[in-house]
Colleague: 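Sharing a structure below in structure tokens format, with a few things to ask.
Numbered from 1 within each chain, the chains take letters A, B, ... in sequence-line order. Keep in mind it's a predicted model, so treat the numbers as computed, not measured. Quick note: numbers below take in every heavy atom, side chains included, and nothing from hydrogens, waters or symmetry partners.
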There are 2 protein chains.
Amino acid sequence: MSETGKSCAECAVRGEALCAALDENALAALSATGRRRRLARGESLSWAGHESAVCANLIQGMMKLTASTADGREQIVGIAYPADFVGRPFARDADVTVTALAPSELCVFPRGDFERALTGCADMERLLLRRTLETLDAARERMLMLARKTAGERVAWLLLDCARRAEAADGSEFDLPLTRGEMAELLGLTIETVSRQLTRLRARGIIATRGARGMAIRDAAALEAAAG
Amino acid sequence: MSETGKSCAECAVRGEALCAALDENALAALSATGRRRRLARGESLSWAGHESAVCANLIQGMMKLTASTADGREQIVGIAYPADFVGRPFARDADVTVTALAPSELCVFPRGDFERALTGCADMERLLLRRTLETLDAARERMLMLARKTAGERVAWLLLDCARRAEAADGSEFDLPLTRGEMAELLGLTIETVSRQLTRLRARGIIATRGARGMAIRDAAALEAAAG
DNA sequence: CGCTCAGTTGAAAGGTTTCAAAAACCGTGG
DNA sequence: CCACGGTTTTTGAAACCTTTCAACTGAGCG
């Protein structure tokens with residue numbers, strides 16, 4: 001039973017989060033060390049360069065992981081969705097900052113407790129290994145994008161990714177979960193360049209927009225082609 | 001005992017590779033499925049988009065992991081050194097190509113056999129998890145570099161990395177393990193840009209070169225500053 | 001209804017790439 | 001040991017794309 005009075009049994013991501021791999025006893029033990037935490041948009045869970053004190057499962061919302069240079073340039077290096085794990089077990093320091101992109105709720109554990117749960121449960125460890133390998137695959141795809149794709153290709157790629165995640169049917173409208181600034185931060189571009197590329201896609205009839213967030217893909221094939 | 005007649009006991013990376021976590025029996029079982037393989041510079045172990053058939057430990061040499069776009073643009077997304085693990089357990093398809101940068105020797109296992117060894121040995125699984133988390137950290141640092149650093153910063157960053165790995169004392173000479181082309185492939189630049197940045201660092205007295213590979217860092221502080 | 005902030009658009013600047021050619025390097029063979 | 005030929009590296013100039021700086025527009029909200 002967590003601080004907020006919700007039990008694991010009624011957790012929105014029960015069955016999808018890492019702790020799905022725990023048996024009843026281990027779950028109870030871990031659960032006793034965890035607590036729910038809500039973050040408003042823009043609030044951070046941890047900061048790069050600071051001690052990596054916590055691990056958490058994202059229950060609802062959306063978070064960004066950002067890396068930054070000494071002089072303040074920033075880059076989003078990952079996005080976390082509900083049921084995703086965030087944190088860095090087995091390391092003293094975090095090298096990313098984790099910030100809520102939308103109002104979010106997490107189940108937070110002291111890092112040491114979470115590590116003990118991992119070590120004590122090979123299934124959960126295996127699950128984390130698989131997820132980490134997938135995250136690494138995604139990171140490598142992003143490296144290719146950041147290093148070799150044009151601005152137009154990057155924007156198209158992101159729109160396809162958002163549409164896929166929004167499970168938007170072809171031509172149907174969905175809301176972008178990111179501002180232009182966040183899109184830029186993710187794609188390694190500037191706000192202006194993102195805006196110009198969206199304008200270009202709209203001019204070519206490939207997408208339609210409605211306000212800043214409303215988005216509809218009119219020509220998925222063309223968008224895929226544009227994504228390189 | 002592997003094909004080449006060498007046993008694990010006399011393996012050059014025994015104690016550092018993943019299999020250091022295996023007990024005697026498990027090691028014997030895995031070892032029976034593995035074989036040594038030598039690759040000349042430029043030869044590949046696996047190809048992106050093809051079936052991820054093998055896992056391996058790099059015994060000696062150096063390999064690059066490259067991702068590529070449909071139209072052939074390429075980006076190095078990782079480098080493997082002796083004792084490093086290469087391969088993608090738990091996935092049907094590989095999304096990177098693994099190619100030898102120097103004459104290399106690997107201990108290669110069918111993916112299924114390696115996965116069984118992992119599943120049967122929590123210690124090895126834990127070790128792979130830790131290494132994968134470290135690799136992910138490195139990948140994120142690279143994303144930041146590829147997205148936000150200038151050509152000069154990238155080249156300086158790479159030189160520092162190479163010097164560190166070569167354990168070159170301050171001012172001492174060492175050989176770059178990469179050609180200009182490979183440096184460019186790693187840094188998300190072109191050969192010409194890498195060459196121009198090296199020329200600039202040389203002109204500023206920060207480095208000295210001797211042929212294409214010989215490199216000496218004359219002013220480490222300035223180089224660190226230049227790396228951003 | 002006006003205010004504020006996010007997003008768009010424009011023009012100029014800047015850095016990197018592209019294309020082209022010269023120079024240096026390296027392994028080979030005489 | 002030096003000359004040779006192919007390849008890698010360096011250098012130059014122009015083109016290109018993205019960024020920067022600046023101003024405008026539009027949307028959301030009290």
Colleague: Just the rounded figure in Å: distance from P of D:dT7 to CD1 of B:I191.
Modeller: 14 Å
Colleague: What is the separation between atom NZ on B:K149 and atom P on D:dT19, rounded to the nearest whole Å?
Modeller: 17 Å
Colleague: Contact class for A:L198 vs. all strands (heavy atom < 4.0 Å): base, sugar-phosphate, or nothing?
Modeller: nothing
Colleague: Under 4.0 Å between any heavy atoms, over every strand shown, what does B:T193 touch: base, sugar-phosphate, or nothing? Just pick one.
Modeller: base
Colleague: Between A:R88 and A:S52, does a side-chain hydrogen bond (donor to acceptor under 3.5 Å, both in side chains) hold up when you go through it step by step?
Modeller: CA-CA 7 Å; A:R88 175 56 168 93; A:S52 168; over 6 Å; no
Colleague: Looking at side-chain heavy atoms only, is the closest gap between B:L198 and B:T209 below 4.5 Å?
Modeller: no
Colleague: In whole Å, I'd like the distance from the CG atom of B:L187 to the C1' atom of C:dG15.
Modeller: 16 Å
Colleague: Could you give the CZ-to-C1' distance, from B:R202 to D:dT9, as a whole number of Å?
Modeller: 10 Å
Colleague: Rounded to whole Å, please give me the gap between CD in A:Q197 and C1' in D:dT19.
Modeller: 13 Å
Colleague: Which part of the nucleic acid does A:R213 contact within heavy-atom distance under 4.0 Å: base, sugar-phosphate only, or nothing?
Modeller: nothing
Colleague: Could you give the CE-to-C1' distance, from A:M183 to C:dA6, as a whole number of Å?
Modeller: 13 Å
Colleague: Base, sugar-phosphate alone, or nothing: which one does A:G188 contact when heavy atoms must sit under 4.0 Å apart?
Modeller: sugar-phosphate
Colleague: DNA chain C: A:T209 or B:A212, which has the more 5' nearest nucleotide?
Modeller: A:T209
Colleague: Can you confirm whether A:R73 is buried at CZ, in the sense that more than 12 heavy atoms of other residues, nucleotides or ligands lie under 6.0 Å from that atom?
Modeller: yes
Colleague: Can you measure A:R41 atom CZ to C:dC5 atom C1' for me and round it to whole angstrom units?
Modeller: 13 Å
Colleague: Counting heavy atoms from C-beta on, name the nucleotide in D:dT19, C:dG7, D:dT11 closest to the side chain of B:S195.
Modeller: D:dT11
Colleague: Is B:E192 side chain donor-acceptor paired with the C:dC19 base, going by distance under 3.5 Å alone?
Modeller: yes
Colleague: Donor-acceptor pair, distance only, cut-off 3.5 Å: does the side chain of A:R218 make one with the backbone of A:R202?
Modeller: no
Colleague: Nearest whole angstrom, please: distance from the C1' of C:dC26 to the CZ of B:R210.
Modeller: 15 Å
Colleague: Under 4.0 Å between any heavy atoms, over every strand shown, what does A:R200 touch: base, sugar-phosphate, or nothing? Just pick one.
Modeller: nothing
Colleague: Can you tell me which nucleotide in C:dG7, D:dT18, D:dT10 comes closest to the side chain of A:R180?
Modeller: C:dG7
Colleague: At under 4.0 Å, does any side-chain N or O of A:T190 touch on OP1 or OP2 of D:dT20?
Modeller: no
Colleague: Within the distance-only criterion (no hydrogens, no angle test), does the side chain of B:Q75 pair as donor or acceptor with the backbone N or O of B:L186 below 3.5 angstrom?
Modeller: yes
Colleague: Side chain of B:R196, base of C:dG15: donor and acceptor closer than 3.5 Å?
Modeller: no
Colleague: Could you check which of C:dT16, C:dT8, C:dG7 has an atom nearest any side-chain atom of B:A151?
Modeller: C:dT16
